[in-house]
Q: 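Have a look at this one.
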Amino acid sequence: MITLSINFFFAPIDVAAGGATGIAILLNAVWGINRAATVLVINLAMIILAAFFLDTKIIRKISAGSFILPGLLYLNPSFKLVDDPLLAVTIGGTVFAAGIAMLYRINASSGGTTVPPLILKKYFHLNPAISLLALDLLVTLFNIPVAGVNSFFLAAFSLVITSLVMRYIEAGLDHKYQIQIVSQNKIDQIRQMLLANQESVTIYQAEGGFSAQSKEVLLVVTDDLNYGNLIHQIHQIDPDAFIITSNVVKVHGGRWGM
């Protein structure tokens, strides 16, 4: 997926959105140096750097991807799949983020510029996400002398897209709604309705801040399909029911657990 994002979307419009692949795109645009060769050289240098400053566990994590990625970049064709540059970086950033996120989910890496942030974290306690973003922004700045300011902003926009998609995928695609329900005098009817709909209900005690009275709060987890109908049924029983809805990125165990 990383290879497809580079060969079909970023490289054909000479937009470098950070990382070793971004450096490879810039060098190819200026001097015609093969992108796969550049990525391979950078990855080998990062493996050597990791051998000096990081433990063997990190080296094993980055080694496979460091060789597979340039190999796929070399073997796969490269051409412009879409004509619009904004559409290209949007799709490319999304596909790139999906590929990176999948690697992270299996505790793997494509190597490259992910190594320096790990070294900075180990010795200087810097947040690797921030240092990696700073490194990517530095690479994107070189779009200006190579392809112009427009390419720089396209690359920066792509970084935003990549960051958002990665955060969504890493948290999981199994998003749910957590609903908390408080009712003055219809809480039993609401509970019976939820149980009749085979909803998993948790009940806990709370105290009203103004009234200082003990109240039952119902906690329910549901999905997109059932959410609207569930709220409608609660309001049919008690139009004045107090409802708080929160987004839940992942549920483990129970009816909705994965």
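Residue numbers start at 1 and run along the sequence shown.
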Q: Side-chain contact, heavy-atom cut-off 4.5 Å: Leu49 with Met46?
A: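 When only atoms from C-beta onward are counted, Met46 and Leu49 do touch, with a gap below 4.5 Å.
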
Q: Between Asn76 and Thr3, does any side-chain donor sit less than 3.5 Å from a side-chain acceptor?
A: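 On atom types as modelled, these side chains do not qualify, holding no pair under 3.5 Å.
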
Q: Is the number of heavy atoms from other residues, nucleotides or ligands within 6.0 Å of CZ (Phe8) greater than 12?
A: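 Yes.
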
Q: Around Gln236, counting heavy atoms of other residues, nucleotides and ligands shown, do more than 12 lie under 6.0 Å from its CD?
A: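 Atom CD in Gln236 is crowded, with more than 12 foreign heavy atoms closer than 6.0 Å.
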
Q: Should the ring pair Phe53 and Tyr123 be called parallel, tilted or perpendicular, given that the plane angle runs from 0 to 90° and is split at 30 and 60?
A: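 Answer is perpendicular, since the angle exceeds 60°.
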
Q: Give a yes or no on whether the backbone of Ile33 and the side-chain of Asn28 come within a donor-acceptor separation of less than 3.5 Å.
A: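 Between the backbone of Ile33 and the side chain of Asn28 there is a qualifying donor-acceptor contact (under 3.5 Å).
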
Q: Measure the shortest side-chain to side-chain distance between Ile203 and Val217 over non-hydrogen atoms and say whether it is less than 4.5 angstrom.
A: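 Answer no - side chains too far apart.
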
Q: Hey, does Arg60 have a side-chain heavy atom less than 4.5 Å from the side chain of Thr56?
A: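 Yes, side chains in contact.
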
Q: Say whether Glu207 and Ser214, considering side chains only, have a donor N or O and an acceptor N or O under 3.5 Å apart.
A: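 Not at all, the side chains of Glu207 and Ser214 share no donor-acceptor pair under 3.5 Å.
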
Q: Answer yes or no: is there a donor N or O on one side and an acceptor on the other, between the side chain of Thr162 and the main chain of Gly93, under 3.5 Å?
A: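 Pair found, side chain donor or acceptor close to backbone of Gly93.
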
Q: Can you find a pair of side-chain heavy atoms, one from Arg35 and one from Thr21, that are under 4.5 Å apart?
A: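 A side-chain contact is absent here, since even the closest heavy-atom pair is not under 4.5 Å.
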
Q: With hydrophobic residues grouped by side-chain heavy-atom distances under 4.5 Å, do Ile48 and Leu69 end up in a single group?
A: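 Unlinked, Ile48 and Leu69 end up in two clusters.
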
Q: For residues Val221 and Val248, determine if any side-chain heavy atom of one lies less than 4.5 Å from a side-chain heavy atom of the other.
A: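 The answer is no, as the side chains (C-beta and beyond) never meet within the 4.5 Å cut-off.
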
Q: Do the non-hydrogen side-chain atoms of Leu218 and Arg191 ever get within less than 4.5 Å of each other?
A: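 In short, these two side chains touch, coming nearer than 4.5 Å.
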
Q: In this structure, would Leu195 and Ile181 fall into the same cluster of hydrophobic residues linked by side-chain contacts under 4.5 Å?
A: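 In one cluster: yes.
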
Q: Less than 4.5 Å apart, any side-chain heavy atom of Ser66 and any of Leu44?
A: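 Counting from C-beta outward, Ser66 and Leu44 never come under 4.5 Å.
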
Q: To check you understand the geometry: which heavy-atom pair defines the closest contact between Asn43 and Ser110, and what is its length?
A: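 Asn43 and Ser110 have their closest heavy atoms at ND2-O, 3.7 Å.
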
Q: Please report the closest heavy-atom contact between Ile42 and Ala20, naming both atoms and the distance.
A: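 Closest approach of Ile42 to Ala20, heavy atoms only: CG2-CB, 3.8 Å.
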
Q: Counting heavy atoms not belonging to Tyr204, are there more than 12 under 6.0 Å from its OH?
A: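 Check passes, neighbour count above 12.
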
Q: Counting only heavy atoms not in Lys121, do more than 12 fall under 6.0 Å of its NZ?
A: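 No, the 6.0 Å shell around NZ holds no more than 12 heavy atoms from other groups.
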
Q: Considering all heavy atoms of both residues, which atom of Ile237 and which atom of Met193 are nearest to each other, and what is their separation?
A: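 Heavy atoms only, the tightest pair is CD1-CB, 3.7 Å.
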
Q: Minimum heavy-atom separation for Ala24 to Val39, with atom names?
A: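 Nearest heavy atoms, Ala24 then Val39: CB-CG2, 3.7 Å.
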
Q: Is a donor on one side and an acceptor on the other found under 3.5 Å between the side chain of Ser163 and the backbone of Val160?
A: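 Absent.
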
Q: Say whether Asn226 and Asn229, considering side chains only, have a donor N or O and an acceptor N or O under 3.5 Å apart.
A: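 No, Asn229 and Asn226 have no side-chain donor paired with an acceptor closer than 3.5 Å.
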
Q: Check whether Asp136 reaches the backbone of Gly19 with its side chain - one donor and one acceptor, N or O, closer than 3.5 Å.
A: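 Checked: pair present.
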
Q: Can you tell me which residue pairs pass the side chain to side chain donor-acceptor pair (under 3.5 Å) test with a partner in residues 137-146, sequence neighbours excluded?
A: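 Residue pairs with at least one partner in residues 137-146: there are none.
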
Q: Quick check on the hydrophobic clustering: are Leu118 and Ile59 connected, directly or via other members, by side-chain heavy-atom contacts under 4.5 Å?
A: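 Looking at the clustering, Ile59 is in the same group as Leu118.
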
